[in-house]
Asker: 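Structure incoming, see below.
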Amino acid sequence: MGKERVSVSADNTDRLVTTSLWRIILYSLLPAAGNLFMIFFTMNTYIANGGFGLSMALAASIASAAQIWDAVTDPVIAVIVPKINTRFGAARPIMLTGLIITVFATYSSVFLLPGTGAVGWVICYFAYFLGRTIMNQGKNIASNIITKDPTQRPLIGRCTQIYTLVIAAALSVYRSKILFPKYGSISFELLREFGVTVMIIGTVFVILACIAISEADTQENIAANYRPGVKINILDMFRMFKENPAFLTCVISDGTDKMANEVTSASVVTTMLFGILIGNYKFTGDISMITAAVTIVLIFFITGVARKKGAGTAYLRFTKLACLVIVAMFVFMLTGAYRSVSVKIVPTVIFIILYALLSAAKSTTSACMVTMYQDVADYQFYLTGKYMPGLVVATITMSGKLVKALGDLLIAAFLALIGYTTTTPQPNDPETPAIFWVTMVMWLGMMLLGWGASIIAMKWYPLDNDKMREIQIANKKKRAENEALKKEGD
């Protein structure tokens, strides 16, 4: 194991525990693994329709119910998590448990339970959200303990988003350039092969992340965060809304962003945009690699700003820029030039630049939010003396998931408006004005709504890098007091 490293203040009296760069690089594969499974299950309408024979309306209803189930299980699991601390620490056992359940859900959805109707799909889809929730609870602990340095934490967001981006681009190429030509449509056979790929890569990623967190995820390190006699319960979830302004800001920003991303990232939106409006579904594979390159450059830039100015400042600055790009893309689409994308050079270049900037904005703002989660959790410890990163992040994401549940209903409602009630959009379906406007609302309109709400909410976010250093120094003293009290008790 590598030796513990520290960030030292000018007077050499206050030290913040950091970690080795290679551990951050490997650990960041954990959130990327979660995104792998998420990419597979964003095709839930195709899985439910093609594998389980469900109508679009029924699939949407189950998806919304699953989102609520996902939201409810978050705080419940988060309250249980502080009770877990084994000889292998807390984060790793929780992460692996979540992985096993998630793999079971994925395997069942393409091999074990297809053909069993609504009941079978409910089991698969609900199990996926349960496994993801448990794996995320392990991630919340691991992200908080692996480093306490506010200038180092953005590196986790940087690596996570780069991995997620590269993986998403690679899977897009895999799906559109290899699987789609092989099967001829977005068929259930295509989904089955896609699912196997996700299960294998996701498992490898989680194992590597467990190796990376092994130094920090020890029984002693976990125990030092908890003061003897201080209990964490579900009521703490509600108290945070009153006592932690940074928490409330994240709830609003995360919730509105998630609802927008749920709609804009849906596979049906990609199909309508590229397969129907542009008329070249395979172009998603071509553009994904370009988008990945642009986003990686911007991720380095925005996380560099986050390291200097704080994640909240970087998030607000680039959210504003993203809104301007949405307006520019909408103007481009209104001109009708999208019909020449992938055919003529000028509209293709314009579209690629704007599309890449939009995709980059989603990734870079998410990278900032990853850091903000842990800063808010440490701020809660600073304010109350209660260490509960799992409950803090779970409550933020729970609120987001409740709002996000509306996304599935919105998708079904929008599709119903243009006649897709029993089937899903397929590449090369005929273009209509209704399809154009519904695509614009689902793709660009939802992003503008989500980011606009976040800009307003961020006016009340109090945490910059100077404040976080003050918080971490105070929290270090709290942990020392906790250890002293435990020794007295022993």
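The chain is numbered in sequence order, starting from 1.
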Asker: Mind checking whether F205 and L30 have side chains closer than 4.5 Å, heavy atoms only?
Answerer: no
Asker: Using a 3.5 Å distance criterion without hydrogens, assess whether the side chain of Y355 forms a donor-acceptor pair with backbone atoms of M329.
Answerer: no
Asker: Backbone N or O of G450 within a donor-acceptor pair of the T256 side chain at under 3.5 Å?
Answerer: yes
Asker: If you apply the rule ring pair (Phe, Tyr, Trp, His ring centres under 6.0 Å), what do you find for F126 with W69, and how did you get there?
Answerer: CA-CA 7 Å; F126 277 53; W69 157 258; 5.7 Å; yes
Asker: Restricting to pairs with a member in residues 370-382, which pass salt bridge (Lys or Arg N to Asp or Glu O under 4.0 Å), not counting sequence neighbours?
Answerer: K148-D378, R153-D375, R153-D378
Asker: Could you tell me whether a side-chain N or O of N35 sits under 3.5 Å from a main-chain N or O of M38, the two making a donor and an acceptor?
Answerer: no
Asker: Would you name the heavy atoms of A322 and L358 that are closest together and state the gap between them?
Answerer: O-CD2, 4.2 Å
Asker: Test: salt bridge (Lys or Arg N to Asp or Glu O under 4.0 Å). Region: residues 445-465. Which pairs qualify, not counting sequence neighbours?
Answerer: none
Asker: Taking side-chain contact (heavy atoms from CB on, under 4.5 Å) as the definition, give me every residue that meets it alongside I200, ordered by chain and number, with sequence neighbours left out.
Answerer: V196
Asker: Would you check if the side chain of W451 reaches a backbone N or O of T319 as a donor-acceptor pair within less than 3.5 Å?
Answerer: no
Asker: What pairs with A48 under side-chain contact (heavy atoms from CB on, under 4.5 Å), at least two apart in sequence or on another chain?
Answerer: L54, A59, W121
Asker: Please check this pair: side chain of T42 against backbone of I39, looking for a donor-acceptor N/O pair closer than 3.5 Å.
Answerer: yes
Asker: Could you state the interatomic distance from CE (M446) to CG (N261), rounded to the nearest 0.5 Å?
Answerer: 9.5 Å
Asker: Check whether the ring centres of F37 and Y128 lie less than 6.0 Å apart, and answer yes or no.
Answerer: no
Asker: With a 4.5 Å cut-off on side-chain heavy atoms, are F241 and T395 touching?
Answerer: yes
Asker: With heavy-atom distances below 4.5 Å as the criterion, would you say the side chains of R479 and Y387 are in contact?
Answerer: yes
Asker: Looking only at heavy atoms, what is the nearest atom pair of A216 and I145, with distance?
Answerer: O-CD1, 3.7 Å
Asker: Output a table of donor-acceptor pairs, distance under 3.5 Å, between side-chain atoms of residues 367-374 and any protein atom two or more places apart or on a different chain; print 'none' if there are none.
Answerer:
unit_1 : atom_1 : unit_2 : atom_2 : d
Y373   : OH     : D254   : OD1    : 2.5
Y373   : OH     : K258   : NZ     : 3.3
Q374   : OE1    : N144   : ND2    : 3.2

Asker: With sequence neighbours left out, what residues match I24 under side-chain contact (heavy atoms from CB on, under 4.5 Å)?
Answerer: T19, S28, Q152, L155, I156, C159
Asker: Any idea which heavy atoms bring I213 and I146 closest together, and the distance?
Answerer: CD1-CB, 3.7 Å
Asker: If every non-hydrogen atom of S454 is compared with every non-hydrogen atom of D257, which pair is closest and at what distance?
Answerer: OG-OD1, 2.9 Å
Asker: In Å, rounded to the nearest 0.5 Å, how long is the span from OG1 of T133 to CD1 of I94?
Answerer: 12.5 Å
Asker: Take the angle between the ring planes of Y174 and F194 and call it parallel below 30°, perpendicular above 60°, tilted in between.
Answerer: parallel
Asker: Sequence neighbours left out, what passes salt bridge (Lys or Arg N to Asp or Glu O under 4.0 Å) with R92? Give chain and number order.
Answerer: D217
Asker: Enumerate the ring pair (Phe, Tyr, Trp, His ring centres under 6.0 Å) contacts for residues 294-331, please, sequence neighbours excluded, ordered by first and then second residue.
Answerer: F301-F318
Asker: Identify, with sequence neighbours excluded, every residue that meets salt bridge (Lys or Arg N to Asp or Glu O under 4.0 Å) alongside E470.
Answerer: K467
Asker: Check whether any side-chain heavy atom of V269 lies under 4.5 Å from a side-chain heavy atom of F414, and answer yes or no.
Answerer: no
Asker: I'd like to check L298 versus L357 (side-chain heavy atoms, cut-off strictly below 4.5 Å). Are they in contact?
Answerer: yes
Asker: With a 4.5 Å heavy-atom cut-off, do V327 and C323 have their side chains touching?
Answerer: no
Asker: Is the side chain of T384 donor-acceptor paired with the backbone N or O of K386 at a distance under 3.5 Å, no angle test?
Answerer: yes
Asker: With a 4.0 Å cut-off on N to O distance, would you call D466 and R469 a salt bridge?
Answerer: no
Asker: Quick one: CG on L354 to CD1 on I326, what's the gap to the nearest 0.5 Å?
Answerer: 11.5 Å
Asker: Mark yes or no for whether Y27, through its side chain, and S143, through its backbone, hold a donor-acceptor pair below 3.5 Å.
Answerer: yes
Asker: Over all heavy atoms of both residues, which pair between I141 and A90 is shortest? Give the atoms and the distance, please.
Answerer: CD1-CB, 4.3 Å
Asker: Within the structure provided, determine whether D236 and M388 are in side-chain contact (heavy-atom separation under 4.5 Å).
Answerer: yes
Asker: State whether the side chain of T218 and the backbone N or O of S214 hold a donor-acceptor pair below 3.5 Å, judged by distance alone.
Answerer: no
Asker: Hey, mind stepping through V392 and F381 against side chain to side chain contact (heavy atoms under 4.5 Å, CB included) and telling me if it holds?
Answerer: CA-CA 10 Å; V392 170; F381 186 47; over 6 Å; no
Asker: Quick one: which residue pairs count as a salt bridge (Lys or Arg N to Asp or Glu O under 4.0 Å) with a foot in residues 315-325, not counting sequence neighbours?
Answerer: none
Asker: I'd like to check the side-chain contact (heavy atoms from CB on, under 4.5 Å) partners of S108; sequence neighbours left out, ordered by chain and number.
Answerer: F104, L112, L113, C124
Asker: So, T313 versus Y461: side-chain donor-acceptor pair below 3.5 Å or not?
Answerer: no
Asker: Measuring from T106:OG1 to L36:CG, what's the distance to the nearest 0.5 Å?
Answerer: 10.0 Å
Asker: Verify, without hydrogens or angle tests, whether S359 (side chain) and A356 (backbone) share a donor-acceptor contact under 3.5 angstrom.
Answerer: no
Asker: Which residues pass the ring-ring contact (aromatic ring centres under 6.0 Å, His included) test with Y46, sequence neighbours left out?
Answerer: none
Asker: Say you draw a straight line from CE of M95 to NZ of K139; how long is it, rounded to the nearest 0.5 Å?
Answerer: 10.5 Å
Asker: Would you give the length of the straight line joining atom CD1 of I471 to atom CE of M468, rounded to the nearest 0.5 angstrom?
Answerer: 4.5 Å
Asker: Any side-chain heavy atom of V204 sitting closer than 4.5 Å to one from I207?
Answerer: no
